[in-house]
Protein chains: 2
Amino acid sequence: MMNEDSAPSDGGLPIAAVERETGIPKDLLRMWERRYGFPQPARDAAGDRLYSAEQVGKLKQVRRLMDLGFRPGKLVGQSMAQLEALAQTHTPARVVPDVCAGLIDALSGHDALAVRELLRHRLFELGLRHFVCDFLAAANQLVGEAWMRGELRVHEEHLYSEEVKRVLRETLAGIPAGPQSPRVMLTTCPGELHLIGLLMVEALLRLAGCDAIAFGAQMPLSDIASAARKHRVDVVVLSFSAAYEASPQADAALLDSLLPDGVELWLGGSGCRGLKRLPPRATLLTLERLDACVSLWRELHPPAIAV
Amino acid sequence: MMNEDSAPSDGGLPIAAVERETGIPKDLLRMWERRYGFPQPARDAAGDRLYSAEQVGKLKQVRRLMDLGFRPGKLVGQSMAQLEALAQTHTPARVVPDVCAGLIDALSGHDALAVRELLRHRLFELGLRHFVCDFLAAANQLVGEAWMRGELRVHEEHLYSEEVKRVLRETLAGIPAGPQSPRVMLTTCPGELHLIGLLMVEALLRLAGCDAIAFGAQMPLSDIASAARKHRVDVVVLSFSAAYEASPQADAALLDSLLPDGVELWLGGSGCRGLKRLPPRATLLTLERLDACVSLWRELHPPAIAV
DNA sequence: TTTCATTTTTGTACAGGACAAACATTTGAC
DNA sequence: GTCAAATGTTTGTCCTGTACAAAAATGAAA
């Protein structure tokens, strides 16, 4: 165990380590070797596979491209350079916004304090709304892409999200949930662990004076429905990251049948870009559109005279 | 995927689901079946294994006992009742502390607000120190055990930790890092995602007036060392949960060689209970002992007159 | 265009054999 | 009697090769 982790300097990584590194199951690694001839790892004295760093790198690249929709059969045959070119082509060549300058550096320096200070500085400079809509939106994408490209490691991506959550939470603690309608409940579906998007929406809703109630992540759909009923919310906000495994579509459809009448469903996050055939009560949310959504809701639901 | 998770009502769980549920690798499940005759799952039309709920339950119980040091050969032959008796004997028969009353109920009700309010109420009632040392310590163990026993589901356990983190962070935001020595840096090793323990220690350190710097989770050891140097910390605190896969022992040994002279290493969390042969600079930390550790450090390091 | 059926690709499961690391036990020296 | 080395067992992981079903692509018909 020690050997495996601390001495990748030797011949190579055993198959279990490669599974952890790349997320590709052992069985599948062996299958690819037989079917495509790649990877073709060296063997140790006992005949066990030892994957070289290059092979692991290519495997990671292949997996990244598979996440983009490519099939393995088309990928494994290509050289690393070709794969990188492919990745280039299919990664929207975005200009790094000025606001994000220094972020990647701070992250790869593993300096939590520097990251936090950078975030706080931007927050102070831009104000909460622009911090969320301009800075964080760009930064999330930047970090996500860097991670996909293999330029950031897990713990660096983790550092980013931890610090963003920390700063957002600290800030939110200072803005109490407003008394105004609509009353909004925020959560994610089971399997969806990413909370940043949710916190961003929460911040904007608070700024708009809404009565935003943040539930944690991963609520079973039936519980979302019952909580919506119990807390008499007007809107349920769900966030789906790009990494969400299940189908936001299916979740929306199921929730549609579970939620009480009159409750709206707002779906946000990169995981539900381009969704179609949503139930009528569901709306796609973007950060830009959020204020408009709230205004629209208020127009359609004028405060009752009595009550 | 959907089927697998949402319809455990049918014949049983496939082997991959059992691996996830129990943490026992597929290969090992098949090996046990061959060697010990347990578990002997049913088969579906295609000949694939389908494990019954009872089998999965027994597997979980076996794994729990293995974590306590038993060997599988002695366990698999026994009946569930015998296993439970064994577990009883070797689980310090803890009474559910009064402070934790209602927590499990709130969690299984999936009511994030109720959980949060319960936590806040306890925090207010007990004060931060007792909240951390008495309530959270007990609650963590309670939740951990309930999860091991299969009484809580992933998202319920997740709800707990999210809410605890939220409350602790909100509270910590109100207590700035003290100016006093020692200057302490908090983090976890790569692979260790659990942050609650770290936040608890951070809270106690802040109360003691220490200059506690919380880094996020998962710092590579070499980065810990360089950050310690850069920030001139006096003490590095590492937290290991019981779920930590690698060896805290090895981590400590490696860090020992990397850290600058004079920097102490405090190790805490259930993952390092009963560690032996630690390097001399390493100390085992418990919540109870923390204040004593700080005082001891201060005695041994009287503030310099100049500087 | 959309919808359905067919073929290809891809992932996961199986069996049974081998071996080495972890653990337990015995033996021998001090 | 205590410690340490040698021996024997138990246990986990990896190997080969095969089979099959779910998913994706393709092509035909509406």
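Each chain gets a letter, A, B and so on, in the order its sequence line appears, and its residues count up from 1.
- Across D:dT11, C:dT10, D:dC14, the shortest atom-to-atom separation from the side chain of B:P72 is found for D:dT11.
- Among C:dA18, C:dT10, D:dC20, the nucleotide with an atom closest to any side-chain atom of B:R35 is C:dA18.
- At D:dT13, none of the side-chain N or O atoms of A:K26 fall inside 4.0 Å of OP1 or OP2 (strictly under the cut-off).
- When the nucleotides C:dT12, C:dA15, D:dT13 are ranked by their closest atom to the side chain of A:P25, C:dT12 comes out on top.
- Taking atom CD on A:E33 and atom C1' on D:dC15, their separation rounds to 11 Å, with Å as the unit.
- Counting any heavy atom pair closer than 4.0 Å across all strands shown, B:D48 reaches sugar-phosphate atoms only and no base atom.
- As rounded to whole Å, 15 Å separates atom P of D:dT11 from atom CG of B:L29.
- In this structure, the CE atom of B:M66 is 15 Å from the P atom of D:dT10, given to the nearest Å.
- Taking only side-chain atoms of B:M31, from C-beta outward, the nucleotide of D:dC15, D:dT13, C:dT12 with the closest atom is D:dT13.
- Between A:D27 and B:A45, the one whose closest nucleotide on DNA chain D sits nearer the 5' end is A:D27.
- The existence of a salt bridge linking A:D48 and A:R43 is excluded, since no basic side-chain nitrogen approaches an acidic carboxylate oxygen closer than 4.0 Å.
- Among the protein residues, A:F70 comes within range of no part of the nucleic acid, since none of its heavy atoms lies under 4.0 Å from any strand.
- A:S241 and A:E192 share a donor-acceptor pair across their side chains, judged by distance under 3.5 Å alone.
- C:dA13 atom P lies 13 Å from atom CZ of A:R30, rounded to whole Å.
- Scanning all heavy atoms of the two residues, the minimum distance from A:L75 to A:M66 falls at CD1-CG, 3.8 Å.
- In this structure, B:E19 does not pair ionically with B:R30, as no charged nitrogen and carboxylate oxygen lie closer than 4.0 Å.
- The 5' end of DNA chain C is approached more closely, in terms of each residue's nearest nucleotide, by A:G73 than by the other of B:R34 and A:G73.
- Comparing D:dG12, C:dG17, D:dT11 by their nearest atom to the side chain of B:R71 picks out D:dT11.
- In terms of position on DNA chain D, the residue among A:A46 and B:L28 whose nearest nucleotide sits closer to the 5' end is B:L28.
- Atoms CG (A:L13) and C1' (D:dT13) sit 16 Å apart, rounded to a whole Å.
- Rounded to an integer number of Å, the gap from NZ of A:K74 to P of D:dA23 is 20 Å.
- Within the structure, every side-chain polar atom (N or O) of B:Y36 is placed at least 4.0 Å from both OP1 and OP2 of D:dT10.
- For the pair B:G69 and B:R49, both in contact range of DNA chain C, the more 5′-proximal nearest nucleotide belongs to B:R49.
- For B:S239 against B:L198, the heavy-atom pair with the smallest separation is CB-CD1, 3.6 Å.
- For B:W32 and C:dA15, the CH2 to P distance is 17 Å, given to the nearest whole Å.
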